[in-house]
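Please read the structure below before turning to the comments.
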Amino acid sequence: MAERIHITTAIFYCNGAPHVGSAYEALAADVFARHQRRKLGRENVSFLSGTDEHGDKIRRAALAQGLTPQAYTDKMSALFDEAFRGLGVSYDYWVRTTDGVHQEWVREMLRRTHARGDIYFRDYEGQYCVDCERFYTDKELLPANVCPVHHRPVELISEGNYFLRLEKYREQVLEHIRRNPDFIRPERYRNEALNMLAEPLADLCISRPKSRLDWGVELPFDSNYITYVWYDAFWAYVSHPASRDPEFRDKVWPNTEHFIGKDILKTHAVYWPAILLAADWPLFKHLNVHGWLNFGGARMSKSSGNVRDPVSYEQAFGADVLRYFVMREVVYGLDGDFSEERLVERYNAELANDLGNLASRVLAMAARYFQGEITATPGAGGEEIDRNLCEAFRAAPARAGAMVDELAFNRGLDAVWQALDAANKYIVATSPFTLAKDPDKLPRVAQILAHLLEGLRVIAATLEPFMPRQAQKILDLLGLDEAAAYVPFGAGLKRGDRVKPALALFPRIDKKDRAK
RNA sequence: GGCGGCGUAGCUCAGUUGGUUAGAGCAUGCGGCUCAUAUCCGCAGUGUCGUAGGUUCGACUCCUACCGCCGCCA
């Protein structure tokens with residue numbers, strides 16, 4: 001029986017519009033998910049994303065626009081959903097933390113954890129920052145009791161609250177990370193997590209009194225309180241699929257791949273595992289941590305004003321071009337730089353000249369010399385140069401797939417481009433356009449084109465996770481349906497198949513045009 | 001203050017357990033082809049591999065110190 005896996009992005013806190021940074025995370029998870037579906041079968045992969053909609057920041061953002069929190073989050077969640085769908089992000093679940101199924105699930109987990117004795121009540125006094133929605137110790141604060149993140153004064157608040165016994169699970173989480181070297185990847189973040197778990201942990205406050213904040217999930221064991229936003233949000237990874245499928249907990253959840261940004265490493269490497277264990281849930285498989293997407297060298301953030309709207313890039317270049325660029329340019333786990341100039345450079349050199357032009361010249365020759373008909377057997381080459389080319393086409397998908405499994409998206413694309421290079425060199429070396437002038441040599445030309453067309457087919461199939469629409473366009477040009485498109489090299493196109501005339505898949509971008 | 005990372009060709013970066021004249025892509029110059037989106041192919045480069053020491057027959061790779069940039073924790 002095939003393995004079933006679960007893939008998640010972070011649940012986006014929707015107090016502002018989505019930007020290229022959040023799109024990057026969704027795109028990385030989507031490329032991974034699409035690849036896994038090809039590998040494991042559509043029905044064995046569930047891919048989840050959604051919005052985190054509770055908490056004080058949301059409530060205040062809503063008020064600022066004269067909306068109720070619910071009306072505000074309806075609007076914002078739809079905005080995220082539309083932006084991601086427009087980029088081709090293919091999640092199976094779009095979870096909102098304000099929906100009924102989710103809230104009931106959170107209450108059930110609270111009940112369960114409380115019954116196990118891992119949630120307790122005590123009085124607490126501390127310096128509270130409304131923007132961070134958390135308490136600070138005195139030494140964490142800047143002079144004059146100012147929040148180190150927002151540089152705004154904190155408030156001294158005294159209240160009773162519910163706490164989760166974090167320290168109780170610290171050793172267990174630590175041990176799990178030690179025994180599973182790739183639990184948190186890349187390794188640099190694993191080391192940081194081990195550091196965080198090296199010292200005793202203060203228990204985690206998971207409630208807020210309704211008198212102060214009522215926009216959240218009510219505690220099942222005390223109606224005067226709601227749960228703190230993080231406790232609620234984590235369970236969004238679980239609530240819907242677990243409510244739908246009783247086998248989810250044991251058969252699917254342990255194979256979960258979380259995609260998160262490095263800013264929320266601590267919550268996902270320390271709090272979330274403890275929350276799971278306290279609720280008697282197993283741990284997930286991997287925490288896949290990515291870096292920042294900078295813009296022109298500067299950190300992209302709302303305060304610096306260089307936040308870029310992913311939709312504007314989608315309109316300018318197309319979703320697939322944006323997807324290709326961020327996956328090719330950024331090393332997963334490290335910070336990357338988003339620059340429009342780099343994007344145009346890569347577009348022209350790699351998409352237009354290498355990929356687009358290869359498709360164009362091969363299809364043009366097939367149309368010109370054989371009216372689009374394949375009159376030789378693809379993949380069954382006689383000469384050494386043919387066998388070498390076919391080997392390149394066989395190796396590329398395997399290599400690319402292995403790289404995506406390891407989150408090395410840029411190297412996966414590099415593997416595909418090695419096959420493209422081999423194809424372009426093969427054309428020059430065999431010169432089918434010269435052979436075609438001699439009618440006796442047309443059988444050889446047919447053989448050359450058959451290999452190239454089948455190679456193009458494999459390349460399109462391999463690129464599908466990265467550029468789903470353009471890949472489909474190439475497969476359409478080759479006249480293939482879904483069943484024939486995603487098979488190993490040599491098993492796709494057959495003698496007698498017909499392909500369509502060439503067209504420019506990626507028209508070159510003139511830099512001068514874009515400058516104005 | 002503690003822990004960790006990075007510093008390689010003009011630009012962006014590869015260099016997997018130390019082993020022959022240190023690589024790729026982009027950009028630049030020259031040549032070839034004409035099927036193709038003025039595309040493709042070939043050739044040509046340039047480097048005190050952050051600095052100074054050390055270990056070794058041999059160091060971009062290991063060790064120490066320092067300089068610069070950055071991250072996490074406190």
Side-chain angles (χ1 to χ4, degrees), chain A residues 136-142 148 184 186-202 261-267 269-270 289-292 294 296-299 325 328-331 333-339 341-370 372 385 402-403 406 408 410-411 413-418 420-437 442 445-446 448-449 452-453 456 470 477 501-512:
Chain A
Y136 280 99
T137 58
D138 288 341
K139 56 182 175 179
E140 285 175 317
L141 292 172
L142 301 176
I184 298 170
E187 193 178 3
R188 48 189 321 202
Y189 297 114
R190 174 178 187 263
N191 293 335
E192 290 186 7
L194 287 170
N195 240 327
M196 294 168 184
L197 288 158
E199 308 273 324
L201 296 167
K262 64 181 182 180
D263 53 326
I264 53 176
L265 175 64
K266 185 173 189 176
T267 55
V270 179
V289 187
H290 63 80
W292 302 121
N294 297 322
R299 160 93 192 272
F325 178 71
R328 180 66 189 78
E329 180 78 2
V330 180
V331 177
L334 301 180
D335 291 357
D337 195 35
F338 188 100
S339 129
E341 194 185 341
R342 286 285 286 170
L343 185 151
V344 172
E345 273 174 22
R346 282 199 183 277
Y347 176 93
N348 281 337
E350 295 162 12
L351 295 178
N353 296 351
D354 292 341
L355 174 59
N357 183 58
L358 176 72
S360 176
R361 67 199 301 210
V362 170
L363 288 167
M365 284 190 278
R368 179 189 289 210
Y369 306 138
F370 301 98
I385 193 168
M403 290 296 108
E406 290 177 27
N410 60 327
R411 301 176 76 175
L413 286 168
D414 195 56
V416 174
W417 256 254
Q418 282 177 26
L420 288 174
D421 283 346
N424 275 322
K425 286 174 170 59
Y426 174 81
I427 293 175
V428 171
T430 56
S431 297
F433 41 85
T434 304
L435 299 177
K437 290 170 185 163
L442 279 177
V445 176
I448 291 166
L449 289 179
L452 288 166
L453 288 164
L456 195 57
Q470 291 290 355
L477 288 170
L503 61 84
L505 293 163
F506 301 96
R508 279 183 68 84
I509 296 170
D510 189 332
K511 278 187 186 174
K512 287 170 194 152

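Side chains included, hydrogens not; waters and symmetry mates left out as well; all remaining heavy atoms used. Below, read A as the first sequence line, B as the second, and so on, with proteins coming before strands; counting in each chain starts at 1.
- Rounded to a whole Å, the CD1 atom of A:Ile427 is 16 Å from the P atom of B:U39.
- Pair assignment for B:A24 gives B:U12, based on Watson-Crick or G-U wobble hydrogen-bonding distances that are each under 3.5 Å.
- For A:Val428, counting side-chain heavy atoms from C-beta on, the closest listed nucleotide (B:C41, B:U37, B:C35) is B:C41.
- Between A:Lys425 and B:G42 there is a side-chain N or O to OP1 or OP2 distance below 4.0 Å.
- Residue contacts shown for A:Pro432 are absent, as no nucleic acid heavy atom lies under 4.0 Å away.
- Checking B:C43 for Watson-Crick or G-U wobble geometry (two distances, each under 3.5 Å) identifies B:G29 as its partner.
- Considering only side-chain atoms of A:Asn195, the nucleotide from B:G71, B:C3, B:C35 that sits closest is B:C3.
- In the set B:C26, B:C41, B:A36, the nucleotide with an atom closest to the side chain of A:Asn424 is B:C41.
- Checked against a 6.0 Å centroid threshold, the rings of A:Phe325 and A:Phe338 count as neighbours.
- Considering every non-hydrogen atom in both A:Lys262 and A:Trp292, the closest pair reads CE-NE1, 2.9 Å.
- Along RNA chain B, the nucleotide closest to A:Asp354 and the one closest to A:Lys437 are compared, and the more 5′ of them pairs with A:Lys437.
- In this structure, A:Ile184 atom CD1 and B:C73 atom C1' are separated by 15 Å, rounded to whole Å.
- Between A:Leu334 and A:Asn191, the residue anchored nearer the 5' end of RNA chain B, judged by the nucleotide with its closest heavy atom, is A:Asn191.
- B:C66 and B:A22: their P atoms are spaced 31 Å apart (whole Å).
- Distance, A:Glu199 CD to B:C72 P: 18 Å, rounded to whole Å.
- Taking both residues in full, the closest heavy atoms of A:Pro432 and A:Met365 are given as CG-SD, 3.8 Å, listed atom of the first, atom of the second, then distance.
- Note: CG (A:Leu420) to C1' (B:A36) measures 14 Å, nearest angstrom.
- Applying the Watson-Crick and G-U wobble criteria (two distances, each under 3.5 Å), B:C66 pairs with B:G50.
- Without hydrogens or angle criteria, A:Asn353 side chain to A:Asn348 main chain gives a donor-acceptor distance under 3.5 Å.
- OP1 and OP2 of B:C26 both lie 4.0 Å or more from every side-chain N or O belonging to A:Arg346.
- For B:A38, there is no paired nucleotide, since no Watson-Crick or G-U wobble pair has both relevant distances below 3.5 Å.
- Nearest to the side-chain atoms of A:Arg342 among the listed nucleotides B:C41, B:U37, B:U12 stands B:U12.
- The shortest heavy-atom contact between A:Ala269 and A:Leu197 is O-CD1, 4.3 Å.
- Atom P of nucleotide B:C73 and atom OH of A:Tyr189 are separated by 12 Å, given to the nearest angstrom.
- Here, B:C43 and B:C72 have their C1' atoms 48 Å apart, quoted to the whole Å.
- A:Phe506 and A:Leu351 make their closest contact through CD1-O, 3.5 Å (heavy atoms, listed as atom of the first residue, atom of the second, distance).
- Residue A:Arg328 places no side-chain N or O under 4.0 Å from the OP1 or OP2 atom of B:G25.
- The nucleotide B:C3 finds its pairing partner in B:G71, both defining distances of the Watson-Crick or G-U wobble pair being shorter than 3.5 Å.
- The side chain of A:Glu345 sits closest to B:C26 out of B:C26, B:C35, B:A36.
- Base-pair partner of B:G19: B:C57 (Watson-Crick or G-U wobble, both distances under 3.5 Å).
- Out of B:U39, B:C41, B:C35, the shortest distance to the side chain of A:Asp421 is found at B:C41.
- Atom CD in A:Glu192 sits about 14 Å away from atom C1' in B:G2, given to the nearest Å.
- For B:G7 and B:G45, the P atoms lie 26 Å apart once the distance is rounded to whole Å.
- Among the nucleotides B:U37, B:C40, B:A74, the one closest to the side chain of A:Arg508 is B:U37.
- Between A:Asn353 and B:C40 there is a side-chain polar atom (N or O) within less than 4.0 angstrom of OP1 or OP2.
- Here the C1' atom of nucleotide B:C33 and the CZ atom of A:Phe433 are 6 Å apart, to the nearest Å.
- Rounded to an integer number of Å, the gap from CE of A:Met196 to P of B:C3 is 17 Å.
- We find the CD-CG distance between A:Glu192 and A:Leu265 to be 6.0 Å, quoted to the nearest 0.5 Å.
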